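Here is the structure we will look at.
Since the structure is predicted, the reported quantities are computational estimates derived from the model, not experimental observations. The chains referred to below are lettered A, B, ... by the order of the sequence lines, with proteins before strands, and numbering in each begins at 1.
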2 protein chains.
Amino acid sequence: MGIKRIARLANVSIGTVDRVLHNRTGVSKETEKKVRKVIKEIGYTKNTTASRLKLASVKKIKFAVLIPETKNKWSYWKLPKKGIGRAVKELMELGVEVDYFEFLDSSTYKGLMDEIFLKDYDAIVTVAFFENESNELLDRANKKDIPVVFIDTEIELEMPANFVRQDSYKAGRVAGRLLNGLVGDKGCYFVVNMLNDRGIHANNVQRERGFRKFFEDSGQDVQIRTINYSLSGEFVVTKEMETWFATDDRKGIFVTNSKSHLLPRILEEYQVKNTFIVGFDLNKQNLKHLENGKIDFLINQQPRYQGYVAIKNLFNYLTKQDGSELNLDIPVEIMVKENIPFGPKVFAKMI
Amino acid sequence: MGIKRIARLANVSIGTVDRVLHNRTGVSKETEKKVRKVIKEIGYTKNTTASRLKLASVKKIKFAVLIPETKNKWSYWKLPKKGIGRAVKELMELGVEVDYFEFLDSSTYKGLMDEIFLKDYDAIVTVAFFENESNELLDRANKKDIPVVFIDTEIELEMPANFVRQDSYKAGRVAGRLLNGLVGDKGCYFVVNMLNDRGIHANNVQRERGFRKFFEDSGQDVQIRTINYSLSGEFVVTKEMETWFATDDRKGIFVTNSKSHLLPRILEEYQVKNTFIVGFDLNKQNLKHLENGKIDFLINQQPRYQGYVAIKNLFNYLTKQDGSELNLDIPVEIMVKENIPFGPKVFAKMI
DNA sequence: CTGAAAGCGCTTACAG
DNA sequence: CTGAAAGCGCTTACAG
């Protein structure tokens with residue numbers, strides 16, 4: 001069982017077996033053939049644990065993680081980072097290390113990317129926010145044969161890439177289904193996009209597309225209006241919103257990002273009743289409103305799990321050539337008041 | 001770093017360090033104290049991988065899995081078994097082995113339990129279907145210091161026990177929330193329990209309790225009627241069902257087990273319209289009806305994941321004394337047509 | 001082109 | 001009560 005057995009059966013030393021297994025030079029055609037035959041016959045598979053035990057001390061596996069800043073107290077990005085941290089901790093004794101690089105905008109992204117390529121990382125986990133920069137990173141990584149996983153957001157790139165993210169289009173369809181169930185087929189629906197300094201996010205665009213497609217496919221005669229708000233500065237109620245509040249009484253609002261918690265207070269102020277809300281992400285404010293019934297559904301992207309699984313799967317790829325899960329579709333998890341997770345136990349699944 | 005360093009710092013041999021670490025006898029108080037001090041100072045933690053690498057060859061970790069029969073083509077129990085298989089495969093190179101025992105009823109359960117205790121298993125994964133037998137198993141395991149994890153179903157036992165299962169009461173509440181959103185507060189609701197030979201299942205009872213509690217808590221004036229059907233033999237439409245079909249036009253049906261797929265055909269036959277259905281489990285027939293819109297929501301218990309995580313967490317307990325996750329609350333996963341997983345990728349999460 | 005030896009961190013069996 | 005040696009399966013550095 002193992003390299004020793006192969007060596008014995010093939011009548012060579014374990015050093016030679018190792019050379020064949022790693023496709024290293026310095027083995028005669030003859031010997032190689034002999035060894036490969038035995039490997040195949042006994043159905044050898046490498047003991048990754050033993051391998052890493054040895055390598056942990058001499059050849060670390062180093063991850064570069066390039067994500068948005070997490071300094072902000074309620075930063076969403078704390079969550080994937082947490083998942084990454086947990087994965088790294090689990091793999092620490094197998095010689096895994098990580099460096100974090102946190103960007104602010106496309107320019108800092110570029111600068112940190114340069115820094116990353118100066119050192120020799122074995123794999124990169126990042127976020128595809130900027131098309132040009134993402135393409136550059138992927139290109140440079142490919143040339144150096146460094147695997148990359150993009151988490152959270154999928155955008156179209158020039159080369160095939162690995163994404164661990166929720167399918168935003170699908171999530172939008174799910175939101176359509178949920179609101180439709182509550183509001184009915186004669187309703188008036190609103191899609192609310194909250195924009196930050198960078199403008200609208202790729203995920204939000206896809207979510208709206210999916211939402212609209214849901215109603216299109218179902219052949220229902222519903223009205224859907226989109227409202228874009230800028231979140232730079234104070235959140236103010238515009239004229240557009242006021243007319244919106246005055247629409248007939250069956251309403252469904254789909255907030256395409258994590259800010260759905262901004263709506264209930266405003267709706268109350270304007271005495272808008274019977275309005276259902278679907279939003280994204282289990283942040284504290286959103287959960288509060290799910291709890292008190294002012295938000296009806298939240299969609300969870302399992303951000304912790306995304307980070308965790310990106311590292312784990314890259315590790316499997318690097319150590320076992322198992323790249324089967326470098327692309328991962330995170331399920332669209334539907335949360336209501338009654339199934340929100342509390343306590344560490346439930347969250348354990350998502351890490 | 002490691003046992004060697006401790007030995008050097010404490011001026012003893014690694015053998016002695018090992019004795020202290022494993023609380024073995026044959027170390028003088030003096031030496032022990034000295035060694036413990038160093039261990040504490042350098043914040044030593046054992047390298048589990050190295051440990052298992054050695055032990056894999058001399059001391060296997062053997063799991064006994066005692067679950068209902070999986071022979072039946074569509075057996076639900078194939079799923080946890082699959083998850084268990086995957087976990088065992090992942091841990092194989094660390095010396096993990098498993099034996100499966102499949103029972104039919106309480107008597108075969110008892111017989112297989114006896115068989116299990118004849119050999120020396122390191123841990124047991126089973127299902128708490130039979131109160132007496134479960135208590136006996138737990139008691140005997142406790143006496144031999146063998147950890148046990150019950151999956152799928154939680155029942156009250158005489159001693160504290162580990163459960164990896166979905167909270168059925170909570171799942172019932174979720175079902176209430178979902179149907180309520182669709183049917184409204186003046187609706188008439190039905191709870192349908194499908195009984196097999198063993199009578200009603202503990203999970204079904206809890207699901208119904210949660211469902212009813214949801215409406216009680218929400219203070220809504222709704223009618224809820226329970227109908228129990230025996231599934232032994234043919235599924236027939238009873239007089240009771242017929243009166244039920246004739247009730248006013250807003251209807252919600254909560255099927256407390258995996259058989260919700262039996263209803264759509266019957267409702268059609270009796271021309272019952274506008275009736276919403278919530279059921280459990282992503283079996284093929286249920287998914288078909290979710291797809292074609294005849295079932296509105298399905299609740300997933302992540303059976304694969306339950307099996308997987310039971311093994312993984314028992315392994316962590318046995319090798320790292322980490323028993324923090326032997327009790328696990330599997331999230332109540334809400335499925336609609338738009339977020340049903342297809343293909344292996346998505347299911348990867350649940351294994 | 002090939003082999004023998006040392007070592008990763010831990011465990012065990014044996015010697016004293 | 002304590003230590004020295006051998007070994008888990010793999011990798012590396014060196015010798016020939």
Run Glu102(B) and Lys81(B) through salt bridge (charged side-chain N to carboxylate O under 4.0 Å, His left out) and show every step you take. CA-CA 11 Å; Glu102(B) 306 193 353; Lys81(B) 193 175 176 183; 2.8 Å; yes
Taking all non-hydrogen atoms of both residues, which atom of [X] and which atom of [Y] are closest, and how far apart?
X	Y	value
Gly2(A)	Tyr44(A)	CA-CE1, 3.7 Å
Glu133(B)	Tyr109(B)	CB-CD2, 3.5 Å
Ala56(A)	Gly95(A)	CB-N, 3.7 Å
Met159(B)	Asn142(B)	SD-ND2, 3.3 Å
Phe63(B)	Phe315(B)	CZ-N, 4.1 Å
Val127(A)	Thr153(A)	CG1-OG1, 4.4 Å

Step-by-step side chain to side chain contact (heavy atoms under 4.5 Å, CB included) determination, Thr16(A) to Thr31(A): CA-CA 8 Å; Thr16(A) 300; Thr31(A) 330; 4.0 Å; yes
Measure the distance from [atom1] on [X] to [atom2] on [N] and round it to the nearest whole Å.
X	N	atom1	atom2	answer
Lys4(A)	dA5(C)	NZ	P	13 Å
Lys54(B)	dA5(D)	NZ	P	16 Å
Ile6(A)	dG9(D)	CD1	C1'	11 Å
Leu53(A)	dT11(D)	CG	P	11 Å
Ile14(B)	dA6(D)	CD1	P	12 Å
Leu94(B)	dT11(C)	CG	C1'	15 Å
Glu93(A)	dC10(C)	CD	P	9 Å

Name the nucleic acid region contacted by Asp18(A), choosing base, sugar-phosphate or nothing; use a 4.0 angstrom heavy-atom cut-off, strictly under. base
Describe the nucleic acid contact of Ile3(A) in one word from base, sugar-phosphate, nothing, applying a heavy-atom distance below 4.0 Å.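 Base contact.
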May I ask you to check whether Thr70(B) and Tyr100(B) show a side-chain donor-acceptor distance below 3.5 Å?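 No, because no side-chain N or O of Thr70(B) sits under 3.5 Å from a partner of the opposite role on Tyr100(B).
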Of the listed dG9(D), dT12(D), dG3(D), the closest approach to the Asn47(A) side chain comes from dG9(D)
Using heavy atoms and a sub-4.0 Å distance, could you list which residues of residues 20-40 of chain A are near DNA chain D? By number, please.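 His22(A), Arg24(A) - these, ordered by number, are the residues of the stretch whose heavy atoms sit under 4.0 Å from the strand.
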Roughly how many Å apart are dC1(D) and dC10(C), using the P atom of each and rounding to a whole number?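 Pairwise P distance, dC10(C) against dC1(D), rounds to 25 Å.
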Using atom P of each nucleotide, how far apart are dG9(C) and dT2(D) to the nearest Å?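 Going atom to atom, P in each nucleotide, I get 25 Å.
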For nucleotides 14-16 of chain D, print each protein N/O atom paired with a nucleotide N/O atom at under 3.5 Å, atom names and distance only.
none

Dot-bracket for DNA chain D, 5' to 3', counting Watson-Crick or G-U wobble pairs under 3.5 Å, with [ ] for crossing pairs and | for inter-strand pairs? |||.||||||||.|||
Return no unless some side-chain N or O of [X] is found under 4.0 Å from OP1 or OP2 of [N].
X	N	value
Thr16(A)	dT2(C)	no
Lys59(B)	dT12(C)	yes
Ser13(B)	dT2(D)	no

Are the side chain of Asn300(A) and the backbone N or O of Glu333(A) linked by a donor-acceptor pair below 3.5 Å?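 Such a contact is absent between Asn300(A) side chain and Glu333(A) backbone.
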Between Ala50(A) and Val58(A), which has a closest nucleotide on DNA chain D that is more 5'? Ala50(A)
Check for me whether Lys144(B) meets the cation-pi criterion with Phe117(B), that is, NZ or CZ under 6.0 Å from the six-membered ring centre and within 45 degrees of the ring axis. no
Ion pair present between Lys312(A) and Glu90(A), side-chain N to carboxylate O less than 4.0 angstrom? yes
